[in-house]
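Values reported hereafter were calculated over all heavy atoms of this structure, with side chains retained and with hydrogens, waters and symmetry mates removed.
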Amino acid sequence: MDALVQELKEKVIQALNLEDMTPDDIDANAPLFGEGLGLDSIDALELIVLMERNYGIKLKNANEGKDIFKSIQVMADYISKNRTK
Amino acid sequence: MSVYIDKAAQISIQQPLSNEWFSNPLLPTGRLCKFVRPDFKQYLSPAVSRRMGTALKCTLSSAFACVPEEKRSQLDGILTGTGLGSIENTENFLLAMLQGEDGLSPSNFMQSTHNTLGSQVAIIFNCHGYNITYAHRGTSFDSALMNAVVKFRLNEFKSALVNGVDEMTEKYFQLFDQIGYWKDRDVTIEDVRKATSPGTFAGENSVSLFLTDQPSDQSLCELCDTQLLYRPSDQRLKACVEKICLEHNVSRIDAVVIGNNGDNINDEEYRRLVQLLAPDATQIIYKHLFGESFTMSGIGVYVGATCLKEKSIPSHITIDNKALENPQTILVLNHFKQLDYSITLLKSC
Amino acid sequence: MTEKIVVTGYGIISSIGAGVEKTREALLKEEKSIGRVAHLNTSHTDIPCGEVKESDEELKKALGIASEQTITRTPLLALMALKEAISTSRLTDQTSTAFINGTTVGGMEKSEKYYFDFFEGKHTEYISANDCGAGTELVSHLFGHFDLMTTISTACSSAANSVILGADLIKTGRVDAAIVGGTESLSKFHLNGFNSLMILEHQPCRPFEKSNQGLNLGEGAGYIVIERESVAKARGANIICELSGYANTCDAFHQTATSETSEGAYRAMTNALLNAHLETSEIDYINAHGTGTADNDLHESIALKRVFGEKVPPFSSTKAFTGHTTSAAGAVESVISILALQYGFIPVNLGFSEPIEATGLIPVQKTLHRTLNHVMTNSFGFGGNDSSCIFSKYQPS
């Protein structure tokens, strides 16, 4: 799981162009949206693309992302349970 | 109502956000010249700019440099001309899509839309005013400028920001190369003074003009009018210039800014226009320093306005290599493939 | 007081048919047209669209254009609507006229097909047909002479903004008449773009519905001929209605999301009413932007309530008929609004069953027949580019 969290941090930084951040800057339990990293609705869509491309998880509705993208940790849990690749 | 160019800012293939080109220009080399980038971080935090392409970053930077902070949210209009929009993003999305129609990232699509440039300025300036984008080839910028003048005349504007933005990617450059847009060698000032072969060279530009209804100590000049004409007869062109001059008490045109770019057909039309409209005026050239793009005419207006502000036209931007001191009136001419024309009259203030 | 601007001609093509007569008939008969695409070559065959029935070849034939002419679908659709607009207005070269065209996708529908060929020197005639202005230029080249011409590209509000510029050009005396509107063909590019934003509905869309998921893309073109009242009268034109007010503002919030209070939409409608010197109670029908996305429909509802209070006039979105014709939408829906005004009916908002909880607004659920005096039409685009136009029954000055 720790390896997935680390991998996810790197992929999120890349997908969202968080140029000036390193994986260590992201707290796995901190909220991604709102106060946390200050992400918006487009970032949520980018995260959906990230899950589809890397882990074969396809969401039908952007709203489903709300519960999954609470934090890196929650995202990692969801991916480990639902990944198809 | 009168309109003044209160401030201007440019990012191009010359020194960014400065008038350095006026006395000490960079001499472009190569057939495709890219933006000389300013320090974007001065205006945009990495968090804000992380999804932005180059054209958008340049648009925002020149807009920031042009409009004073306290006036940004109060702008009555943000008007943008862009021939191609953010083509870097368009190509990214297109290329990904041509690989397969699944799992496409939305950011590139979102940024590819032409009006993203002007919208982002409004979002960052928190400006609810009129917001419009023109994408009409070589008169995209001119359309935006004309629309601004119209809104001032209707008393709907007291201030406005007009942008002219185009970037050029390697790929789009190659496409235009397929249809003979570019010369097969570097373009020199001699080519722009007297063209003998087809083709020009590519530049990139983001030019921002802050327009106001009152002159200030820093104003560059008065913007008397901008007129767009489609496939005009010589008679209509003449009548148009005469009418603008009459309306603004201009009896003599000291200089004309022309869009010579080294392409013989393009430049021949400017020679003809000057003969027709202002045969005695000093002819100002600028594309040897800035290159060509769909909105390069915005740089033409900026160059003319800068000469009025500096009260001088240096010899390195005139067709006959002769300087002119203290110009009072400058006509900026633009045509795109002898179809779309624009005429802008600038007057010192 | 400035002189009135009147509408003297109109033309339209969309998935519900070509021409104003066919459009009126389809609206009144509540004909549905959203379905599988036949012409667009996409792998997303499960996404329904409002595609114009005619192929490029059929459009060329209908227009009398040679089959080998280099032309993309966007200007072909434009020509269909433009010809009708000019012929209904009986406008001639004698009147100084502007042509203001709204489009965003431009020639992409061919560029995406031939992109790799271009680099090998094939189909290169379509390279210069790619940009937005190219289509406008070609339309003018093939049909009609204009004194002033430009292309507006503000995504889904492009055509509405063309109406606004045309009116301002007439008001400031730059031209006496203007042909204004927009055109957009479907492309793989923007179908996939909207899909990547996850706002495409996989069934026919249901604007203002509680559980709405998304929109259907459409394609089409619409133009109206507007002119100075005195010019129209002097040339004996048939005056259909007035363009009584309009406004464009920016929500200035986010590229694809709407501010909580719908500031842009609120200001667009309010300013258009001010511009028309009309009270909110005088609007008899609103042709809403109503795309079918949760974001638009909720926020447009919020704005409607802010502007009109508890007395929101009858409103409907006709996008369940035509799909979202993006850059053409402002013109397609202006023509529909003018038809409603002219023939005294309010088109139904197809597919609606339950209102959005937060606002409770209920659109028109069956076609209504009544006299209308003032009709508002909304067009909202990416970047919060929000425009409203008001058309009114003609009252001679």
Side-chain angles (χ1 to χ4, degrees), chain B residues 73 78 82-85 90 93-95 97-98 100-102 104-106 109-116 118-120 122-123 125-140 143 146-147 150-151 153-154 171 174-176 178-179 227-232 236 294 339-340, chain C residues 42-44 99 103-104 106 108 111-112 115-116 118-119 121 124 127-128 130-134 136-137 140 145-155 161 165 168-169 171-172 174 188-190 192-193 195-198 248-256 263-264 267 381-385:
Chain B
S73 67
I78 295 171
T82 179
L84 297 170
T90 306
F93 191 81
L94 179 64
L95 287 166
M97 183 190 85
L98 293 174
E101 294 181 62
D102 283 304
L104 295 172
S105 125
F109 174 69
M110 195 178 78
Q111 307 289 12
S112 76
T113 314
H114 295 68
N115 73 322
T116 298
S119 297
Q120 284 291 339
I123 289 165
F125 282 10
N126 190 28
C127 172
H128 293 292
Y130 183 73
N131 199 293
I132 193 97
T133 299
Y134 290 92
H136 191 68
R137 319 192 105 181
T139 50
S140 302
S143 297
M146 178 209 65
N147 191 175
V150 162
K151 287 291 194 185
R153 298 276 189 268
L154 289 167
K171 289 202 169 61
Q174 284 173 36
L175 293 183
F176 273 165
Q178 293 276 2
I179 52 172
Q227 291 277 349
L228 293 185
L229 301 96
Y230 181 63
R231 295 168 91 164
R236 244 189 98 208
F294 279 139
L339 296 167
D340 300 291
Chain C
T42 171
S43 64
H44 296 301
F99 176 41
T103 190
T104 301
M108 182 54 87
S111 300
E112 65 194 19
Y115 191 68
F116 296 117
F118 288 162
F119 293 95
T124 53
I127 292 173
S128 63
N130 176 63
D131 66 280
C132 294
T136 311
E137 197 82 61
S140 170
H145 177 80
F146 307 108
D147 299 285
L148 189 163
M149 195 166 85
T150 192
T151 308
I152 287 175
S153 186
T154 55
N161 290 332
L165 177 72
D168 283 348
L169 291 174
K171 279 186 184 170
T172 48
R174 288 177 183 240
K188 256 166 75 170
F189 186 89
H190 74 290
N192 278 285
N195 195 40
S196 76
L197 293 169
M198 297 184 88
N248 161 275
T249 69
C250 188
D251 194 43
F253 174 71
H254 186 271
Q255 194 56 29
T256 54
E263 196 58 30
R267 285 176 189 236
F382 273 174
N385 195 293

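- Top candidate by heavy-atom pairs under 4.5 Å with chain C, chosen from B:Pro106, B:Ser112, B:Gly100, is B:Pro106.
- With chain B as the partner, the residue from C:Ala155, C:Gly384, C:Ala134, C:Gly121 showing the most heavy-atom pairs under 4.5 Å is C:Ala134.
- You'll find the ring centres of B:Phe109 and B:Phe93 inside the 6.0 Å limit.
- Interface residue C:His145: only side-chain heavy atoms are found under 4.5 Å from chain B.
- In terms of heavy-atom pairs under 4.5 angstrom with chain B, the leader among C:Leu165, C:Thr104, C:Thr136, C:Asn130 is C:Leu165.
- Remark: the backbone N or O of C:Thr249 is not paired with any side-chain donor or acceptor of B:His128 at under 3.5 angstrom.
- For a residue to count as touching a neighbouring chain, one of its non-hydrogen atoms must lie under 4.5 Å from one of that chain's; by this rule C:Thr154 touches chain B with backbone and side chain alike.
- Between C:Ser43 and B:Glu101, the side chains place a donor N or O and an acceptor N or O closer than 3.5 Å (distance only, hydrogens not considered).
- For chain B, no part of C:Thr103 is nearby; none of its heavy atoms comes within less than 4.5 Å.
- Under 3.5 Å, the side chains of B:Asn131 and C:Asn248 contain no donor-acceptor pair of N or O atoms.
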Applying side-chain contact (heavy atoms from CB on, under 4.5 Å), run through C:Asp131 and B:His136 and close with a yes or a no. CA-CA 8 Å; C:Asp131 66 280; B:His136 191 68; over 6 Å; no

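- The contact between B:Lys171 and chain C is made by backbone and side chain atoms together, counting heavy-atom distances below 4.5 Å.
- With a threshold of 4.5 angstrom between heavy atoms, C:Phe116 approaches chain B through side-chain atoms but not through N, CA, C or O.
- Within the 4.5 Å cutoff, the side chain of B:Phe176 has heavy atoms near those of the C:Ile127 side chain.
- Between chain C and the residues B:Leu98, B:Thr82, B:Leu84, the largest count of heavy-atom pairs under 4.5 Å involves B:Leu98.
- Between C:Cys132 and B:His114, the closest heavy-atom pair is SG-CE1, 3.5 Å.
- With a 4.5 Å cut-off on non-hydrogen atoms, C:Asp168 touches chain B through its backbone and its side chain both.
- Annotation: maximal heavy-atom pairing with chain C below 4.5 Å, among B:Asn126, B:Ile132, B:Leu229, occurs at B:Ile132.
- No other option in B:Ser140, B:Ala122, B:Ser73, B:Gly83 has as many heavy-atom pairs under 4.5 Å with chain C as B:Ala122.
- Of the listed residues C:Thr124, C:Thr42, C:Leu169, C:Thr256, the one with more heavy-atom pairs under 4.5 angstrom with chain B than any other is C:Thr42.
- Both the backbone and the side chain of B:Leu104 come within contact range of chain C, each with at least one heavy atom under 4.5 Å from a heavy atom of that chain.
- Side chain of B:Gln178 to main chain of C:Phe119: a donor-acceptor pair is present (N/O by atom type, distance under 3.5 Å, no hydrogens or angles).
- Remark: the backbone N or O of B:Asn115 is not paired with any side-chain donor or acceptor of B:Thr113 at under 3.5 angstrom.
- Using a 4.5 Å cut-off between heavy atoms, B:Ile78 does not touch chain C at all.
- Interface remark: B:Arg236 contributes side-chain atoms only to the contact with chain C (heavy atom separation under 4.5 Å).
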For a side-chain contact (heavy atoms from CB on, under 4.5 Å) check, start with the C-alpha distance between C:Phe253 and B:Ile123, then their side-chain angles and the critical distance, and finish with the verdict. CA-CA 5 Å; C:Phe253 174 71; B:Ile123 289 165; 5.7 Å; no

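- Of the atoms belonging to C:Glu263, it is side-chain heavy atoms, and not backbone ones, that fall under 4.5 Å from chain B.
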May I have the step-by-step check of side-chain contact (heavy atoms from CB on, under 4.5 Å) for B:Ile179 and B:Leu175, ending in yes or no? CA-CA 7 Å; B:Ile179 52 172; B:Leu175 293 183; over 6 Å; no

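- Heavy atoms of C:Met198 lying under 4.5 Å from chain B are absent altogether.
- In this structure, C:His44 and C:Lys188 have side chains that are not in contact, with every pair of non-hydrogen atoms separated by 4.5 Å or more.
- When heavy atoms are compared at a cutoff of 4.5 Å, B:Asp340 approaches chain C solely by way of its side chain, counted from C-beta outward.
- Summarising the geometry, atom CD belonging to B:Gln120 is positioned 11.5 Å from atom CZ belonging to B:Phe125; distances are rounded to the nearest 0.5 Å.
- In this structure, the portions of B:Met110 lying under 4.5 Å from any heavy atom of chain C include both its backbone and its side chain.
- Between the side chains of B:Tyr134 and C:Thr151, no donor-acceptor pair is found at a separation under 3.5 Å.
- Annotation: maximal heavy-atom pairing with chain B below 4.5 Å, among C:Ser153, C:Gly264, C:Gly383, occurs at C:Ser153.
- When heavy atoms are compared at a cutoff of 4.5 Å, B:Gln227 approaches chain C by way of both its backbone and its side chain.
- Of all the listed residues (C:Arg174, C:Lys171, C:Glu112), the one sharing the greatest number of non-hydrogen pairs under 4.5 Å with chain B is C:Arg174.
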